Amino acid sequence: SDPADTFLCTPGLGRKGYVWVNGYNLGMFWSSGPQKALYLPAPMLRAGSNIVTLLELDLPPQVAPVLLSVRRAQDCPDYPSRGGPFSS
């Protein structure tokens with residue numbers, strides 16, 4: 001099926017940074033801000049697998065890079081699930 005508009009939940013991504021999906025800059029996340037999700041329009045998504053890239057700007061120097069999981073829209077209670085790869 002074709003991808004649909006959805007949201008990418010930001011809690012747990014890190015403290016402060018940027019998110020790209022399939023090469024598109026989705027926006028900035030910041031744990032101290034009020035925004036808890038980034039809107040992800042369907043045209044940025046592919047049917048099947050999608051590549052999510054995170055740039056964390058606020059890691060202490062002694063912290064090694066880590067693999068972070070992307071939470072689906074259904075795990076983000078304040079935002080509706082609208083289908084697509086992050087909400088099924």
Side-chain angles (χ1 to χ4, degrees):
S1 70
D2 290 332
D5 293 353
T6 189
F7 293 88
L8 179 68
C9 294
T10 58
L13 291 183
R15 289 194 268 185
K16 180 170 67 172
Y18 291 92
V19 179
W20 289 266
V21 176
N22 297 324
Y24 294 101
N25 185 345
L26 195 58
M28 183 174 193
F29 63 91
W30 196 346
S31 62
S32 64
Q35 186 172 354
K36 302 298 179 202
L38 296 171
Y39 174 64
L40 182 51
M44 290 184 177
L45 297 170
R46 300 180 197 139
S49 297
N50 290 275
I51 298 171
V52 177
T53 306
L54 301 173
L55 173 61
E56 172 60 60
L57 300 173
D58 201 19
L59 283 177
Q62 69 274 14
V63 174
V66 295
L67 178 64
L68 299 171
S69 62
V70 176
R71 294 194 316 159
R72 297 173 293 173
Q74 68 190 30
D75 298 329
C76 194
D78 295 332
Y79 295 88
S81 175
R82 298 182 189 253
F86 299 112
S87 61
S88 57

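The residues of the chain are indexed from 1 along the displayed sequence. Here the structure is a predicted model, which means the values were calculated and not measured.
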Could you pull out the closest heavy-atom pair between Lys36 and Pro11, with the gap in Å? O-CD, 3.1 Å
Could you tell me which residues satisfy side chain to side chain donor-acceptor pair (under 3.5 Å) with Ser32, sequence neighbours excluded, listed by chain and number? Trp30
For a quick test of reading the model, state the closest non-hydrogen atom pair linking Pro3 to Ala47 and the distance between them. CG-N, 3.6 Å
Could you check whether any side-chain N or O of Asn22 sits under 3.5 Å from a backbone N or O of Asn50, counting only pairs where one atom can act as donor and the other as acceptor? no
Just jot down the side-chain contact (heavy atoms from CB on, under 4.5 Å) partners of Thr53, sequence neighbours excluded, or say none. Trp20, Ile51
Within the structure provided, determine whether Pro41 and Tyr39 are in side-chain contact (heavy-atom separation under 4.5 Å). yes
So if I apply the side chain to side chain contact (heavy atoms under 4.5 Å, CB included) rule between Leu38 and each of Val21, Thr6, Leu26, which one comes out positive? Leu26
Treating Ile, Leu, Val, Met, Phe, Trp and Tyr as nodes and any side-chain heavy-atom pair under 4.5 angstrom as an edge, say whether Val52 and Leu55 lie in one connected cluster. no
Using the rule that two of Ile, Leu, Val, Met, Phe, Trp, Tyr join whenever any of their side-chain heavy atoms come within less than 4.5 Å, decide whether Leu54 and Leu57 are in one cluster. no
Looking only at non-hydrogen atoms, find the nearest pair between Thr10 and Ala37 and report the distance. OG1-N, 3.7 Å
Which heavy atom in Lys16 sits nearest to a heavy atom in Met28, and how many Å separate them? CG-CE, 3.3 Å
